[in-house]
Amino acid sequence: MTVTAAEIRAFGNVPEHVAIIMDGNGRWARERGQPRVFGHQQGMQAVKRSVEAAGELGVSVLSLYAFSQENWSRPRGEIDALMELLSRYIQSERRELVERGVRVRVMGQLERLTPVARAALSRLLRDTQDGHGLILNLAISYGGRWEILEACRRLARRAAAGELEPESIDEERFAAALGTAGLPDPDLLIRTSGEFRVSNFLLWQIAYTEIHVTEVLWPDFGAEDFFEAVYDFQRRERRFGKVPF
Ligand code: IPE
Ligand code: IPE
Ligand code: MG
């Protein structure tokens with residue numbers, strides 16, 4: 001199936017927030033008899049393509065799951081390579097992101113990153129802070145349960161300090177204590193490589209998100225795959241627990 005950005009935009013109902021679990025780099029490399037890191041390198045091009053595709057469709061927020069807290073249990077060499085790739089991605093893309101008006105946000109336990117990766121990220125956040133286009137929300141060293149616990153700790157500290165009534169904690173206030181504060185919940189969650197699981201991504205936020213799983217491995221994921229996922233989304237009936245009319 002080929003569907004164009006113009007067709008998708010004309011249909012309307014473009015998702016405001018798209019989240020992607022970028023999976024399958026290792027398998028992509030193994031299919032080619034290459035080390036896993038080769039897949040991660042190629043995966044960077046897919047990130048670039050998705051950022052462009054999201055911009056073309058007029059999506060407001062693109063959340064990318066780049067590295068999970070559980071991924072810290074991978075072999076040291078793979079982690080080091082991923083950290084280096086992150087710095088390299090930032091270095092090579094910073095100018096273009098600024099030119100495209102992309103505003104980068106990041107969520108995750110950043111203390112665990114290397115100082116070099118952390119410095120590169122801070123600079124990227126600073127350089128893109130005035131962007132008025134796509135919000136690119138990177139989940140790095142991220143875990144959904146960790147994020148929820150962090151929010152609980154933040155609110156509990158305020159309650160203990162007498163600044164917050166426990167009874168006043170409602171969904172809105174809780175959401176404002178998460179890494180996605182101020183962002184709408186994802187409308188569409190894409191997972192590549194055919195895995196039907198959430199792997200600790202945006203647990204609170206995906207309560208009513210539409211899920212699209214594709215067999216395509218992340219390094220092969222292109223604009224047309226992004227468009228296809230959105231095309232699929234546009235034809236879903238979202239009911240939010242209500243009765244359809
Ligand atoms: C996704 O690809 C990238 C990260 C999780 C960092 P994987 O590295 O998980 O690739 P597979 O799932 O082993 O193929
Ligand atoms: C999820 O992929 C994490 C990222 C894409 C960053 P994983 O490959 O780590 O997830 P599992 O192990 O298949 O659940
Ligand atoms: Mg994987």
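Atoms considered below: every heavy atom in the structure, side chains included; atoms not considered: hydrogens, waters and symmetry mates. Bear in mind that the values here come from a model prediction, so they are computed numbers and not experimental data. Indexing begins at 1, ligand by ligand and atom by atom, following the structure's order.
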Practice item. Could you tell me which N, O or S atom of Asp23 is nearest to the Mg ion (ligand 3)? Key: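 Asp23's closest N, O or S atom to the Mg ion (ligand 3) is named OD1.
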Point to revise | Distance, nearest 0.5 Å, that separates NE2 of His40 from CH2 of Trp28 | key: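 With rounding to 0.5 Å, NE2 (His40) is 12.0 Å from CH2 (Trp28).
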**Study point:** Numbered atoms of ligand 2 (with element) below 4.0 Å of Arg191, judged on heavy atoms
**Key:** 2 (O), 10 (O), 11 (P), 13 (O), 14 (O)
Check your understanding: For ligand 2, which atoms have a heavy atom of Arg197 less than 4.0 angstrom away?
Key -> 11 (P), 13 (O), 14 (O)
**Study point:** Test applied, side chain to side chain contact (heavy atoms under 4.5 Å, CB included); reference residue, Leu97; option that passes from Leu124, Ile90, Asp127
**Key:**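 The residue from Leu124, Ile90, Asp127 that satisfies side chain to side chain contact (heavy atoms under 4.5 Å, CB included) with Leu97 turns out to be Leu124.
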Review point. Is any NZ, NE, NH1 or NH2 atom of the basic residue among Arg27 and Glu195 found under 4.0 Å from an Asp or Glu carboxylate oxygen of the other?
Key: yes
Check your understanding: Does a donor on one side chain sit under 3.5 Å from an acceptor on the other, for His17 and Asp187?
Key ->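 Judged by distance alone, the side chains do not pair up.
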Practice item. Would you check if there is a donor-acceptor pair between the side chains of Glu70 and Asn200 at a distance under 3.5 Å? Key: yes
Check your understanding: For the Mg ion (ligand 3), does an N/O/S atom of Glu195 lie at less than 2.8 Å?
Key ->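 Under 2.8 Å: Glu195 has no N, O or S contact with the Mg ion (ligand 3).
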List of N/O pairs, ligand 1 versus protein, all under 3.5 Å?
| residue | atom | partner | partner atom | Å |
| --- | --- | --- | --- | --- |
| ligand 1 | 2 (O) | Gly24 | N | 3.3 |
| ligand 1 | 2 (O) | Asn25 | N | 3.2 |
| ligand 1 | 8 (O) | Arg36 | NH2 | 2.8 |
| ligand 1 | 8 (O) | Arg74 | NH1 | 2.7 |
| ligand 1 | 9 (O) | Asp23 | OD1 | 2.9 |
| ligand 1 | 9 (O) | Arg74 | NH2 | 2.9 |
| ligand 1 | 10 (O) | Asn25 | N | 3.1 |
| ligand 1 | 10 (O) | Gly26 | N | 2.9 |
| ligand 1 | 12 (O) | Asp23 | OD1 | 2.8 |
| ligand 1 | 12 (O) | Arg27 | NH2 | 2.8 |
| ligand 1 | 13 (O) | Arg36 | NH1 | 3.1 |
| ligand 1 | 13 (O) | Arg36 | NH2 | 3.0 |
| ligand 1 | 14 (O) | Gly26 | N | 3.2 |
| ligand 1 | 14 (O) | Arg27 | N | 2.7 |
| ligand 1 | 14 (O) | Arg27 | NE | 2.8 |

Would you give me the side-chain donor-acceptor pairs under 3.5 Å for residues 132-139, sequence neighbours excluded?
| residue | atom | partner | partner atom | Å |
| --- | --- | --- | --- | --- |
| His132 | NE2 | Asp130 | O | 3.4 |
| Asn137 | ND2 | Ser63 | OG | 2.9 |

Exercise for review: Specify whether Trp204 and Phe174 have parallel, tilted or perpendicular ring planes, treating 30° as the upper limit for parallel and 60° as the lower limit for perpendicular.
Suggested key: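 Plane angle between 30° and 60°, so tilted.
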Review point. Would you call the rings of Tyr65 and Phe201 parallel, tilted or perpendicular, where under 30° means parallel and over 60° means perpendicular?
Key: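 Ring orientation, 0 to 90° scale: parallel.
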